[in-house]
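Just below is one structure, and these are the notes that go with it.
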Amino acid sequence: MKVAYWPGCVSRGFTPELHGAMAKVAPALGIELIELNRANCSGCGVIAEHSQELADSLNARTFALAQKEIEQGADLMMNICSTCQGAQSECQERLDASAAYRAEVNKHLTPEGLEYAKGIVNKNFLWVLVEELGLEELGKLVKRPLTDLRVGPFYGCYIVRPTDRIGIDDEHPRDSYLELVIETLGGTVVDYAGAQKCCGFPISLMQPDTSFKMAGRHLGDAKDAEADCLVTPCPLCHLNLDMQQPVVSKAVGRDLQMPVLHLPQMVGLALGMSPKELGLSKHVVKPTSVIDWSTSVVGAVGALSAA
Amino acid sequence: MSSTETTNDGASTKVEGLQEFTLRLRRYDPESGKPAYYEEFTIELEPHRSVLDGILQAKNDEDGSIGIRCSCRAAICGSCGTRINDKPGLACHTHLDEALKRSKDGKITVEPLGNMPVIKDLIVDMDAVHWKKQARVTPWLLPSEPLPEREHIVPREAMVDVTQSMACIQCGACVSDCLSMEIDPLFVGPAALAKTYRFVGDPRDARHQQRLNDLAQDPHGLYACTHCFNCIEACPKGVAPMSQIMRLRRIASQDHHIVDRNNGERHEMAIVNSVKKYGTLNEANMIPDSYGGKLHPASARAMLASLPVITKALLRRKVTPKSALFHPKSPDQAQIKRIYREVGEREQRLEHNLYITQPDEDPAEIAAHEAHVAAAAAREAAAKPGVDQTGAGA
Ligand code: SF4
Ligand code: SF4
Ligand code: FES
């Protein structure tokens with residue numbers, strides 16, 4: 001499978017381990033990444049808040065660049081950020097709904113010979129895993145099942161709401177894919193209240209107290225449910241949940257110590273890659289429970305056949 | 001007309017078309033001194049009937065003390081807001097079969113709305129939260145004086161634009177699951193902010209600037225929404241409160257140039273300008289730019305407060321001094337700048353609101369929709385053999 005790949009800004013900025021892990025994991029899954037390095041920020045919802053036309057034009061530009069790759073043989077566009085997915089889907093919804101509006105936006109792209117044509121397929125890595133690769137295929141690639149690792153899913157708002165825009169329906173229960181992937185990799189899903197709530201990142205600079213208490217509540221709920229770690233397809237959630245965790249702990253008066261994995265890192269671990277090469281050492285909260293798990297399971301041959 | 005049949009186990013007879021459903025209701029009576037508990041009721045109705053019909057059957061046949069508020073039973077009055085299988089909505093507007101489909105264990109769980117105190121069972125105190133917040137935003141027209149001698153004349157488009165926020169039936173479903181309000185109960189919230197747009201978008205109102213400034217400066221106001229989409233998902237009327245909040249922010253920052261003390265406007269401009277300059281976000285500049293630039297005292301305070309985080313990120317090689325200080329520019333920056341300029345030069349904002357403009361017509365979809373409407377009408381006719389008791393037409 002070949003994908004026109006939009007890594008997003010944060011995965012190349014403050015969470016470089018995400019971009020790195022994706023680059024390691026993709027070939028192991030048979031995914032060829034054609035990086036869209038001329039594309040631009042999705043605007044993370046804030047540019048759309050500033051100007052709809054600007055956000056729609058910028059994302060139409062990214063889509064048009066991706067469509068060029070699709071013409072050259074890529075199967076679809078892929079992103080690794082819940083927020084990019086949501087922000088881009090919002091623009092796509094408007095662009096696809098009206099030929100007249102699309103033409104107006106495309107005027108901004110014509111000087112460079114770009115044009116967005118209705119109907120691009122743009123999927124987060126999570127959706128690609130389930131809908132393109134398939135869980136059965138993914139299961140076959142598992143070398144070191146996440147036996148006994150208790151993982152709490154954390155989706156990020158942008159990838160689960162609004163359900164119609166995000167394409168969640170009976171055939172595509174995208175709001176349960178993280179659970180399905182955790183189980184396929186041999187892990188145990190932890191049920192806790194925060195899985196589809198907000199990490200608080202969007203208001204971390206406006207209302208830091210509310211923001212950190214949000215993150216703190218979910219991390220605390222996961223801890224109460226005895227999670228070993230969380231996993232997220234969103235690098236912005238990762239910033240509030242991991243990078244800010246020392247501050248978050250203070251805001252809620254509780255020593256949280258909850259490691260948070262990026263989705264490709266969790267997949268990589270199950271595929272047999274080492275925590276170090278997946279960039280786990282770059283996290284602010286040391287993923288000790290995860291590393292302990294992986295070293296102990298390496299020797300446990302029984303766990304392999306149990307999968 | 002209705003026939004009875006014996007089921008396979010032979011134990012019960014059923015009227016054709018009826019189906020059994022189990023409702024799990026959250027019961028709570030503060031006066032009893034007992035904690036809340038869940039109680040199950042089995043009801044029997046056609047699957048397309050509403051969850052409210054089911055609750056009323058249980059109340060009628062089994063336990064008259066079940067507390068539920070309702071009136072119109074047709075998604076108009078906004079009384080029956082509840083949480084059904086963890087999602088807020090109208091009990092009269094949720095079909096039993098749909099609710100069952102969303103249930104994890106074959107039972108339909110009904111709970112009172114969140115973020116508000118419970119008066120009894122499924123009835124919450126709307127006065128304590130929802131109506132108080134509505135009152136907070138001065139929910140009436142403040143026209144310029146003197147009033148015109150006759151009517152106000154306004155462009156048609158301007159009124160079409162506010163119809164979306166006018167569609168609100170005050171059911172409180174959005175308030176129930178607002179994630180900012182869950183942490184910050186003082187947050188003005190989605191319904192009241194949607195109501196604000198109803199007046200800020202109305203050309204007859206003369207206090208747009210004051211309304212916006214008041215909410216922009218309020219630490220629990222315009223910039224306290226965390227963009228979680230729960231209100232869009234919850235609203236049974238398509239009001240999309242979060243979209244109205246984004247429009248309020250746009251109008252506050254760009255039309256009225258309100259620079260708020262919550263850094264809302266600065267944060268917006270920090271991101272907009274970063275993409276203009278680099279094509280991508282420069283996170284390292286996000287904190288200082290959102291606090292008024294590197295040299296602003298508030299910015300220094302914020303940097304100091306986040307110092308432990310930054311140090312840790314540096315220690316773990318997550319962020320390198322180079323990546324923090326140097327941010328690469330997109331090779332196509334001229335192109336991106338041109339798009340900014342073209343959009344900025346427009347006299348009127350180009351917006352495309354799908355609530356007002358319907359999507360381009362797809363013949364196959366129209367046919368499918370018409371078939372669906374006809375089928376629903378046929379079912380409705382079959383379900384209500386009697387004449388509408390009020391005798392009032394639509
Ligand atoms: S988007 Fe904003 S107003 Fe709407 S529910 Fe979320 S935090 Fe509340
Ligand atoms: S905005 Fe929608 S969900 Fe909120 S109170 Fe109004 S009708 Fe109900
Ligand atoms: S009873 Fe009126 S909206 Fe449900």
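This is a predicted model, so every value here is computed, not measured. To find a chain, count down the sequence lines: A is the first, B the second, and so on, and within it residues start at 1.
- The part of B:Lys87 that comes within reach of chain A is its side chain, from C-beta onward, which places non-hydrogen atoms under 4.5 angstrom from that chain.
- For chain A, the nearby part of B:Arg346 is the side chain; its heavy atoms alone come within less than 4.5 Å.
- Taking the side chain as every heavy atom from C-beta outward, B:Ile183 and A:Asp209 never approach each other to under 4.5 Å.
- Considering B:Val275, B:Leu350, B:Ile339 in turn, B:Ile339 is the only one that fulfils the side-chain contact (heavy atoms from CB on, under 4.5 Å) rule with A:Leu54.
- The line from OG1 of A:Thr210 to CG of B:Leu186 is 9.5 Å long, rounded to the nearest 0.5 Å.
- For a residue to count as touching a neighbouring chain, one of its non-hydrogen atoms must lie under 4.5 Å from one of that chain's; by this rule B:Ser330 touches chain A with the side chain only.
- No option in B:Glu342, B:Arg338, B:Arg341, B:Gln335 other than B:Glu342 meets the side-chain hydrogen bond (donor to acceptor under 3.5 Å, both in side chains) test with A:His108.
- The minimum heavy-atom distance between B:Asp360 and A:Ala99, with the atom names listed, is OD2-N, 2.7 Å.
- No side-chain heavy atom of B:Thr357 sits under 4.5 Å from any side-chain heavy atom of A:Ser98.
- With A:Gln52 contributing its side chain and B:His352 its backbone, the two residues share a donor-acceptor pair below 3.5 Å.
- Only the side chain of B:Leu354 comes within contact range of chain A, with heavy atoms under 4.5 Å apart.
- The minimum heavy-atom distance between A:Ser51 and B:Val343, with the atom names listed, is OG-CG1, 3.6 Å.
- For A:Asp242, the part sitting under 4.5 Å from any heavy atom of chain B is the side chain, from C-beta outward, and nothing else.
- With chain B as partner, the option from A:Lys286, A:Arg61, A:Glu93 having the largest number of non-hydrogen pairs under 4.5 angstrom is A:Arg61.
- For A:Ser42, no part sits under 4.5 Å from any heavy atom of chain B, backbone or side chain.
- There is no contact between B:Gln333 and chain A, counting heavy-atom distances below 4.5 Å.
- Interatomic distance, SG of B:Cys225 versus CE of A:Met206, reported as 8.5 Å (0.5 Å rounding).
- The CG atom of B:Leu281 sits 11.0 Å away from the CG atom of A:Asn40 when rounded to the nearest 0.5 Å.
- Counting non-hydrogen atoms of neighbouring residues, nucleotides and ligands closer than 6.0 angstrom, the CG atom of B:Asn273 exceeds 12 such neighbours.
- Both the backbone and the side chain of B:Tyr340 come within less than 4.5 Å of a heavy atom in chain A.
- A distance of 12.5 Å separates CG of B:Asn263 from CD1 of A:Ile203, quoted to the nearest 0.5 Å.
- Residue contact with chain B, scored on non-hydrogen atoms closer than 4.5 Å, involves the backbone and the side chain of A:Val10 alike.
- Contact annotation for A:Leu114: only side-chain heavy atoms (C-beta onward) come within less than 4.5 Å of a heavy atom of chain B.
- The contact between B:Asn230 and chain A is made by backbone and side chain atoms together, counting heavy-atom distances below 4.5 Å.
- If you measure heavy-atom distances from A:Ala55 to chain B, you find no contacts under 4.5 Å at all.
- With a threshold of 4.5 angstrom between heavy atoms, B:Ile232 approaches chain A through side-chain atoms but not through N, CA, C or O.
- Note that the NZ atom of A:Lys197 and the CG atom of B:Asp177 stand 8.0 Å from one another [nearest 0.5 Å].
- When heavy atoms are compared at a cutoff of 4.5 Å, B:Met242 does not approach chain A at all.
- A salt bridge is defined here as a Lys NZ or Arg NE, NH1 or NH2 lying under 4.0 Å from an Asp or Glu carboxylate O, and B:Arg249 with A:Glu49 meets this definition.
- Contact of the A:Glu53 side chain with the B:Arg349 side chain is not registered, since no non-hydrogen atoms from C-beta on lie closer than 4.5 Å.
- Taking 4.5 Å as the limit, every side-chain heavy atom of A:Cys198 sits out of range of all side-chain heavy atoms of B:His227.
- If you measure heavy-atom distances from B:Glu351 to chain A, the contacts under 4.5 Å come from both the backbone and the side chain.
- Using a 4.5 Å cut-off between heavy atoms, B:Ser180 contacts chain A through both its backbone and its side chain.
- Proximity of A:Asp170 to B:Lys101: side-chain heavy atoms (C-beta onward) are separated by under 4.5 Å at one or more points.
- Between the A:Gln207 side chain and the B:Pro219 main chain, a donor and an acceptor come within less than 3.5 Å of each other.
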